[in-house]
Amino acid sequence: MSVETRSFVEEARREKLRQISALGLSPFAYGYHRTHTAREALAAFRPDSSPVVRIAGRLVSLRGHGKTTFAHLADASDKIQLYFRADEVGSAGYELVKLLDLGDLVGVRGEVFQTKTGETTVRVREVELLTKALRPPPIGKEDAEGEQHGALRDPEQRYRRRYADLAVHPKVREVFALRARVVAHIRRFLDARGYLEVETPVLQPLYGGAMARPFTTHHHTLDATFYLRIATELYLKRCIVGGMERVYEIGKDFRNEGIDRLHNPEFTMLEFYEAYADYQDVMNLIEEMLAGMVHEFYGTHAIERFGKSFDFSPPWRRVTWTDLLREHAGIELRTADDPTLRRALERRAVADTAAMPRTRLIDESFKTYVEPNLEQPTLVTDYPIEISPLAKPKRGDLTLTERFELFVHGRELANAFSELNDPDDQRRRFEAQHAARAAGDEEAQQLDEDYIRALEYGMPPTGGLGLGIDRLVMILAGEPSIRDVILFPMLRPE
RNA sequence: GACCGGGUAGCUCAGCUGGUAGAGCAACGGACUUUUAAUCCGUAGGCCGCGGGUUCGAGACCCGCCCCGGUCACCA
């Protein structure tokens, strides 16, 4: 908002800013030495003593009563009531109190006591303005039931002004604290098993490791086109070739696709690779990792989310892709021809099937008929080879691959396989992708000669997995939209 | 990209069949030394998303556009 359109509310705050400056006080302090957080101050109360605390935070409520004022101060830990008396903070101090607004950041010193209604409160002896808030926080009033009235609710404003959303909604901050715990847990889990965390390029001359359209950019000095990575896969496997036997990366991938409540163009992916492991080993590992996480966080394997119960107790259901397609769609992959698949898709109102190559028909059939049914943690195994260009053929059935995906709540959370390490086979798979690309599949993978060269040096048998962190957090947090687990989701520029 | 819903005061929202733009909270002034959605009295605050049209008259109706949300499509 420009200066010209500054609202009267903001003008009032700027006027107070001038008055505070006129009192010789700085409206923007350099620091404050706290002795307690709000939570610690609340816990410090004793009926028989009045511990003195210094706390700092944002004013989230303000009730003036003439020569007394009540307020609530919120910091990252909690919120606590403040009680100002003109005769206790001094006339100069109370002048300042009268110029405080909702949203201002203050530091106070005082003793912890309880009011006659029993609320633990800081009886303020000294107050300092730490930062004047020149805009009103979009804060609501909380009634006795904890219900917010008038709080910022417009989703667009919540995402665009996440700082304001976070400032007034502790529950939003909790989601991101959970997200941090998820990532920390993953690191601990993998580190403890001898995995090495690595960082691979975000800017890549070729993109690969997944099916997606990339973001394209340009490096001036090299005068070369680069792509923002769509996956870390091919670089992590180069690390495996180089003898780093267990590696992982947690980082952003970028896919130039639509935005909806399950997709953000940049999102966070965990990928890990382990030499001498196959996809069965990886299944066991991811099961242990996530079941352990859920149990550590919630003390149980079964959690209630979205009005349903999700049970992460191992072992999870393991079922083959073809069995599921037969079970839910009545389709026998081996014998179903393309027209059969098209008819099946059209029955579910899937459009443009005429333009779909067989790989897409296969993929679509599964997505349409099977995926929505996979509520409980399910490991879907043995994907058709046509849609799995980086996975090893399945032992005993070369039409399938040793690949699995983890589904929870009807959504894919992870994708993993026994990694294809035969360079000649890999070249043929890339060439098939290349043909699909020529036939108009914009998401087909590019042929990466250097990756094949790496495989020619010899990649040990390897199991690897990719896990969508955002989607995992959505399930754990019970959030229906990916935007609610990403601090600053992509929006159209203002 | 398609369809549906939405955009009105700082925030949350109402606004009928087209007839002077509203409420609560927040703000400003006043009263109030244990309040807690504080209370009481008073005041101010609007490009009704943008542009065009219909009409004596449009926040409302029509057309176009912008933005957001939801659903679907693509994708993870």
Side-chain angles (χ1 to χ4, degrees), chain A residues 1 5-13 15-16 60-72 79 81-89 94 101-103 113-119 121 123 134-161 164 168 210-213 230-231 253-269 348-352 356 360 363-364 367-368 371 405-407 411-415 441-443 466-472 474 480-483 491-494:
Chain A
M1 191 179 288
T5 60
R6 196 180 282 155
S7 75
F8 64 95
V9 178
E10 291 164 72
E11 284 301 347
R13 285 171 181 252
E15 174 54 30
K16 288 183 186 174
V60 294
S61 74
L62 197 56
R63 297 177 295 283
H65 299 75
K67 294 191 174 63
T68 66
T69 297
F70 285 89
H72 277 90
K79 66 178 180 180
Q81 184 167 253
L82 307 180
Y83 176 44
F84 301 92
R85 293 172 60 100
D87 57 357
E88 290 179 353
V89 296
Y94 208 72
D101 285 309
L102 222 51
F113 77 115
Q114 271 185 348
T115 62
K116 70 180 182 192
T117 56
E119 180 164 354
T121 300
R123 189 179 194 111
L134 294 176
R135 288 174 185 267
I139 198 167
K141 289 201 164 191
E142 204 172 278
D143 66 20
E145 285 82 48
E147 188 88 11
Q148 287 268 334
H149 300 266
L152 182 69
R153 234 180 358 200
D154 175 11
E156 177 180 1
Q157 292 307 323
R158 287 192 45 226
Y159 300 138
R160 284 200 193 278
R161 304 194 186 182
V168 304
M211 309 277 203
R213 287 163 60 185
I230 59 172
D253 288 343
F254 306 85
R255 298 189 186 173
N256 210 336
E257 310 279 356
I259 301 175
D260 61 29
R261 76 180 200 294
L262 294 177
H263 300 87
N264 194 62
E266 58 180 291
F267 62 102
T268 303
M269 183 92 109
R348 291 294 181 95
V350 175
D352 298 330
M356 291 182 188
R360 279 285 311 282
D363 212 20
E364 282 301 318
K367 283 182 198 301
T368 307
E371 290 187 9
E405 291 192 337
L406 168 63
F407 284 84
R411 298 172 191 163
E412 181 192 341
L413 276 196
N415 181 23
D441 186 349
E442 283 185 88
E443 290 170 354
L467 171 73
I469 300 292
D470 313 87
R471 291 197 175 173
L472 174 61
M474 285 170 70
S481 171
I482 197 168
R483 291 177 163 174
L491 296 171
R492 196 175 296 273
E494 273 185 288

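Being a predicted model, the structure only gives us computed values, none of them experimental. Residue numbers begin at 1 in each chain, while the letters A, B, ... track the order of the sequences.
Rounded to whole Å, the distance from CZ on A:Arg158 to P on B:rG10 is 21 Å. With rounding to whole Å, A:Lys16 atom NZ is found 11 Å from B:rA26 atom C1'. Atom CG of A:Leu406 is separated from atom P of B:rA76 by 15 Å (rounded to the nearest Å). Counting to the nearest Å, the P atom of B:rC74 and the CZ atom of A:Arg261 are 15 Å from each other.
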- Task: List the steps and the verdict of salt bridge (charged side-chain N to carboxylate O under 4.0 Å, His left out) for A:Arg213 and A:Glu257.
- Result: CA-CA 7 Å; A:Arg213 287 163 60 185; A:Glu257 310 279 356; 5.3 Å; no
- For A:Leu82 and A:His72, what are the C-alpha separation, side-chain angles and deciding distance, and is it a side chain to side chain contact (heavy atoms under 4.5 Å, CB included)? CA-CA 6 Å; A:Leu82 307 180; A:His72 277 90; over 6 Å; no
- Task: With side-chain hydrogen bond (donor to acceptor under 3.5 Å, both in side chains) as the test, would you mind laying out the steps for A:Ser61 and A:Arg63 before giving the verdict?
- Result: CA-CA 7 Å; A:Ser61 74; A:Arg63 297 177 295 283; 3.3 Å; yes
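Dashed line: the shortest gap from a side-chain N or O of A:Lys367 to OP1 or OP2 of B:rA76 is under 4.0 Å. Remark: A:Arg160 is in phosphate contact with B:rC68, judged by side-chain N or O atoms under 4.0 Å from OP1 or OP2. The phosphate of B:rU35 (OP1 or OP2) has a side-chain N or O of A:Lys116 nearer than 4.0 angstrom. Distances shown here put every side-chain N or O of A:Arg63 at or beyond 4.0 Å from the OP1 or OP2 atom of B:rU35.
In RNA chain B, runs of at least 3 stacked Watson-Crick or G-U pairs (N1-N3 plus N6-O4 or O6-N4, or N1-O2 plus O6-N3, all under 3.5 Å) give these stems: B:1-7 with B:66-72, B:10-13 with B:22-25, B:27-31 with B:39-43, B:49-53 with B:61-65.
Ring geometry for A:Phe113 against A:Tyr83 counts as tilted: the plane angle lies between 30° and 60°, on a 0 to 90° scale.
Here A:Asp363 lies out of heavy-atom contact (under 4.0 Å) with every strand. Residue A:Asp87 is classed as a base contact, given a heavy-atom separation below 4.0 Å to a base. Base contact: A:Arg123 has a heavy atom under 4.0 Å from a base atom. Within 4.0 Å of A:Gly64, counting heavy atoms only, lies at least one base atom of the nucleic acid. Across all strands shown, A:Phe407 has no heavy atoms under 4.0 Å from either base or sugar-phosphate atoms. Note on A:Glu88: nothing from the nucleic acid sits closer than 4.0 angstrom, heavy atoms only. Within the 4.0 angstrom heavy-atom criterion, no nucleotide atom of any strand lies near A:Arg13. A:Lys79 comes within contact range of no nucleotide atom at all, as no heavy-atom separation falls under 4.0 Å.
A:Gln81 places no side-chain N or O within donor-acceptor distance of the main-chain N or O of A:Glu119, the cut-off being under 3.5 Å.
Interface remark: the A:Asp260 side chain does form a donor-acceptor pair with the B:rC74 base, using a distance-only criterion of under 3.5 Å. Judged by atom type and distance alone, A:Thr68 does not reach the base of B:rU34 through any side-chain donor-acceptor pair under 3.5 Å. With hydrogens and angles ignored, a donor-acceptor pair closer than 3.5 Å exists between the side chain of A:Gln81 and the base of B:rU35.
Only the P atoms considered, B:rG1 is 31 Å distant from B:rU54, to the nearest whole Å. Remark: the separation of the C1' atoms in B:rA9 and B:rC28 is 15 Å, to the nearest Å. The separation of B:rA76 from B:rG51, taken at their P atoms, amounts to 42 Å, rounded to a whole angstrom.
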